[in-house]
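One structure is given below, encoded as structure tokens.
The chains referred to below are lettered A, B, ... by the order of the sequence lines, with proteins before strands, and numbering in each begins at 1.
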Amino acid sequence: MSATATTAAKPYTRTEMAARVARDIPEGWYVNLGIGIPTAVADHVPMEREVVFHSENGVLGMGPAPAKDAIDPWLINAGKQYVTLRAGGSFCHHADSFAMIRGGHLDLCVLGAFQVAESGDIANWATSENDTAPAVGGAMDLAAGAKRLWVMMEHTTKDGTPKLVRRCSYPLTAVGAVKRVYTNLAVLDVTPRGFEVIDLAPGMDFDTVQARTEAKLFLTRQ
Amino acid sequence: MSATATTAAKPYTRTEMAARVARDIPEGWYVNLGIGIPTAVADHVPMEREVVFHSENGVLGMGPAPAKDAIDPWLINAGKQYVTLRAGGSFCHHADSFAMIRGGHLDLCVLGAFQVAESGDIANWATSENDTAPAVGGAMDLAAGAKRLWVMMEHTTKDGTPKLVRRCSYPLTAVGAVKRVYTNLAVLDVTPRGFEVIDLAPGMDFDTVQARTEAKLFLTRQ
Amino acid sequence: MIDKTVRSMAEAMEGIKDGATVLVGGFGAVGQPNALIDGLIEQGAKDLVIAANNAGVGHVGLARLMELGRVRKIICSFPRSSDPVVFETLYRAGKIELEIVPQGTLAERMHAAGAGIPLFFTATGVGTKMALGKEVRDIDGRQYVGEKSLPGDVALVEAWEADRWGNLTYRESGRNFNPVMAMAAKLTIVQAQHLRDLGAIDPDHVHTPGIFVNRVLHVPYGDPTGF
Amino acid sequence: MIDKTVRSMAEAMEGIKDGATVLVGGFGAVGQPNALIDGLIEQGAKDLVIAANNAGVGHVGLARLMELGRVRKIICSFPRSSDPVVFETLYRAGKIELEIVPQGTLAERMHAAGAGIPLFFTATGVGTKMALGKEVRDIDGRQYVGEKSLPGDVALVEAWEADRWGNLTYRESGRNFNPVMAMAAKLTIVQAQHLRDLGAIDPDHVHTPGIFVNRVLHVPYGDPTGF
């Protein structure tokens with residue numbers, strides 16, 4: 001929906017967004033990638049750059065998906081997909097796994113979201129106060145617990161409604177937790193004065209991104 | 001000091017006290033024996049009656065002391081004595097070990113004490129409010145946490161001062177926790193109306209025991 | 001001799017009462033005590049409160065138990081699944097209560113129950129619907145929500161190995177909620193793939209010590225996809 | 001490549017500051033990081049707060065650190081030992097502060113710090129001196145004391161095996177306080193009897209996962225009595 005806005009603009013594809021996030025993860029970090037879009041980030045971290053991926057269900061040190069003929073049926077991630085374990089990986093129980101999260105031991109969590117507010121509030125688990133069976137999973141624990149929370153999402157909904165907002169209208173997942181947002185249009189830091197654009201998709205300009213954002217944007221070092 | 005009270009009376013020796021306590025521990029119980037007098041109880045539970053002994057430092061399923069030439073230097077109990085581990089035993093960390101205690105998973109804890117009150121209060125860690133470096137160890141956790149707390153102690157101090165009292169004068173370890181007391185003179189249950197004598201040492205009579213007790217005693221089923 | 005192994009499913013399920021709170025292990029299909037859930041269906045207890053991460057898939061296991069009208073309330077973090085039709089139908093019809101709990105808080109509430117901690121404070125859920133009606137307090141400049149422990153009457157647990165004292169190991173991500181549920185319940189019932197001789201499990205490698213386990217049923221059902 | 005192993009004691013001790021809270025593992029002589037304590041003596045940090053189960057024996061290790069006047073306060077459950085002369089002399093002279101904590105509360109306060117739980121309630125200590133100045137509340141008809149988490153700036157940990165990611169195993173009763181201290185500190189320093197290749201420790205048998213560990217020093221000192 002956004003590729004036509006300026007003729008030269010090339011919004012990030014999901015794969016490019018994943019690669020863009022992966023670029024910013026240094027070796028040695030302990031990282032939880034949320035279910036959905038963020039899961040793809042792992043594919044863009046080269047094996048030789050050792051990043052330790054955590055999954056809520058007690059898996060630390062996840063490797064890539066297994067070959068179809070090498071599936072270990074006891075080894076799944078929080079998205080219930082088959083995964084592998086790297087040398088150096090380990091298993092633990094759920095309370096220990098969330099002790100890692102809640103205790104601030106994860107350097108980074110990357111989540112998808114419905115909305116992110118300029119204050120860093122995140123809404124990613126229910127789209128109405130009257131959701132008929134809202135499912136929160138581990139999102140609230142991750143959002144409140146990780147040292148850094150990054151969000152990875154489309155800049156707007158399919159019908160063009162902004163997802164970077166002044167104040168979330170959907171039920172919150174956590175308050176003031178988001179540090180950075182990666183969208184198909186831009187990379188933005190959440191700062192005391194609001195969203196600061198620190199990178200733009202190729203050919204994308206600030207005004208186009210602002211037009212698709214409800215909250216006011218700033219340029220870094222302005 | 002009490003053996004001379006009535007000519008026929010034979011107060012329990014410490015070994016006999018330990019045997020008397022051991023008799024009351026059924027197979028299958030999980031039991032913590034406090035440092036000091038209670039440690040000897042284990043020697044009087046025959047190996048074929050499987051009782052699982054717990055030690056605060058993460059040892060479950062302790063066996064008897066090792067032969068001198070078979071000491072495992074990594075295997076000690078809470079009293080820092082070398083012990084053995086039975087088949088079926090296991091190790092855990094301190095927080096998990098005290099989860100067993102605090103969570104009410106031990107069927108029984110046997111502690112020594114300075115004083116026990118008729119309300120079940122126990123004082124076993126300091127003999128003065130101004131103790132110069134009082135050492136509590138795991139006594140408070142055990143007293144508050146185990147399903148049953150039994151106390152094993154001499155009936156009086158060496159100078160004849162009663163240890164079964166109306167109200168403890170020493171700093172408390174726990175309130176209303178003691179269910180039963182084994183002394184060299186008698187076995188007493190702590191009941192809503194106070195201490196009930198349920199057994200007497202050979203030849204010991206109720207009045208002699210009462211004379212050496214500050215609290216009022218009752219006879220069971222009176 | 002301590003022998004926690006039982007010979008039949010009927011023996012394993014004995015005494016589970018109507019109205020019981022039942023903690024059910026597993027995350028996805030892995031570590032889920034499928035045979036014991038079927039045993040509970042067979043056993044007949046009703047008006048149950050179930051605590052589990054999910055609310056059932058398709059028409060088997062937990063979903064079947066709910067479909068039979070035996071579950072009054074479910075406490076879980078994620079009632080959605082690939083096929084949550086039974087739960088969703090009951091929930092929309094007002095025939096089942098739902099308590100949504102953040103996954104880590106759910107695990108810790110059971111761990112706390114097992115560890116004798118009736119109340120703890122966590123930053124998870126502060127400023128969200130999860131904090132409604134709960135105590136929120138400022139501790140050293142950050143806000144936290146008070147969460148109560150979640151004890152069970154019964155826990156249904158799936159293990160990889162077990163011995164007659166009830167010592168357990170789990171396999172890989174099959175560990176998940178099982179150890180905390182084993183701690184948190186008055187009656188912990190285990191289905192184990194392998195029965196080992198006493199002493200065969202390395203004492204340094206026991207995941208759940210037998211003190212937390214009451215009954216062990218040998219159910220060599222194969223791999224989690226085989227159910 | 002992640003490599004948490006360090007080549008020298010100086011490297012292991014780097015950056016420990018005056019005034020730091022240092023959690024020291026071990027129970028009795030077992031699982032006590034004796035080499036690291038000596039390293040800390042050498043390193044020179046002072047005005048330290050030490051949390052450990054005991055308060056030192058004889059004139060070595062923790063007792064030596066105290067004798068050198070480097071410890072402002074000790075948090076422990078049992079300051080007595082077979083030879084507690086250093087601690088007792090300092091304490092009577094008013095030269096060291098003492099905070100006595102019941103052993104299980106001590107362990108859980110560190111576990112809570114590691115698990116992001118700033119406050120929890122326990123029945124341990126209700127009605128005793130341990131409850132003085134603390135919040136006491138009635139929960140479902142029983143009284144409990146509120147206890148705050150005990151985070152460390154540094155943890156000194158003794159392990160049996162370690163790998164370059166910092167995964168640890170412990171041997172028998174050498175586990176004791178080490179895992180909870182490893183979780184509770186900002187900087188966790190380990191002395192390990194054995195260095196293993198990455199992947200050599202079975203992932204189902206890791207006791208402390210590397211996420212809780214910062215530095216590993218290989219100290220093959222032998223058995224606990226050899227110190």
Toward chain C, the part of A/Phe98 with a non-hydrogen atom under 4.5 Å: side chain

Engaged part of A/Thr173 at the chain C interface, taking heavy atoms whose separation is under 4.5 Å: backbone

Side chain, backbone, both or neither of C/Arg142 within contact of chain A (heavy atoms, under 4.5 Å): side chain

Option among C/Lys73, C/Lys129, C/Lys148, C/Arg72 that satisfies the salt bridge (charged side-chain N to carboxylate O under 4.0 Å, His left out) test with C/Glu99: C/Lys73

C/Ile37 side chain near C/Gln32 side chain, heavy-atom distance below 4.5 Å: yes

Contact leader toward chain A among C/Ala123, C/Cys76, C/Gly104, C/Ala29, where contacts are heavy-atom pairs under 4.5 Å: C/Gly104

Under 4.5 Å from a heavy atom of chain C, the part of A/Ala78 involved: both

Between A/Ile101, A/Val59, A/Ile76, the one whose heavy-atom pairs under 4.5 Å with chain C are most numerous: A/Ile76

Heavy-atom pairs under 4.5 Å with chain C, option from A/Gly89, A/Gly145, A/Gly138, A/Ala99 with the top count: A/Gly138

C/Val126: partners by side-chain contact (heavy atoms from CB on, under 4.5 Å), with sequence neighbours left out: C/Gln143, C/Val145

Part of A/Leu75 within contact of chain C (heavy atom distance under 4.5 Å): both

Under 4.5 Å from a heavy atom of chain C, the part of A/Asn77 involved: backbone

Segment of C/Asn54 engaging chain A (4.5 angstrom heavy-atom cut-off): side chain

With sequence neighbours excluded, residues passing side chain to side chain donor-acceptor pair (under 3.5 Å) with A/Ser119: A/Asp121

When A/Gly58, A/Gly137, A/Ala95 are compared by non-hydrogen pairs under 4.5 Å with chain C, the top option: A/Gly137

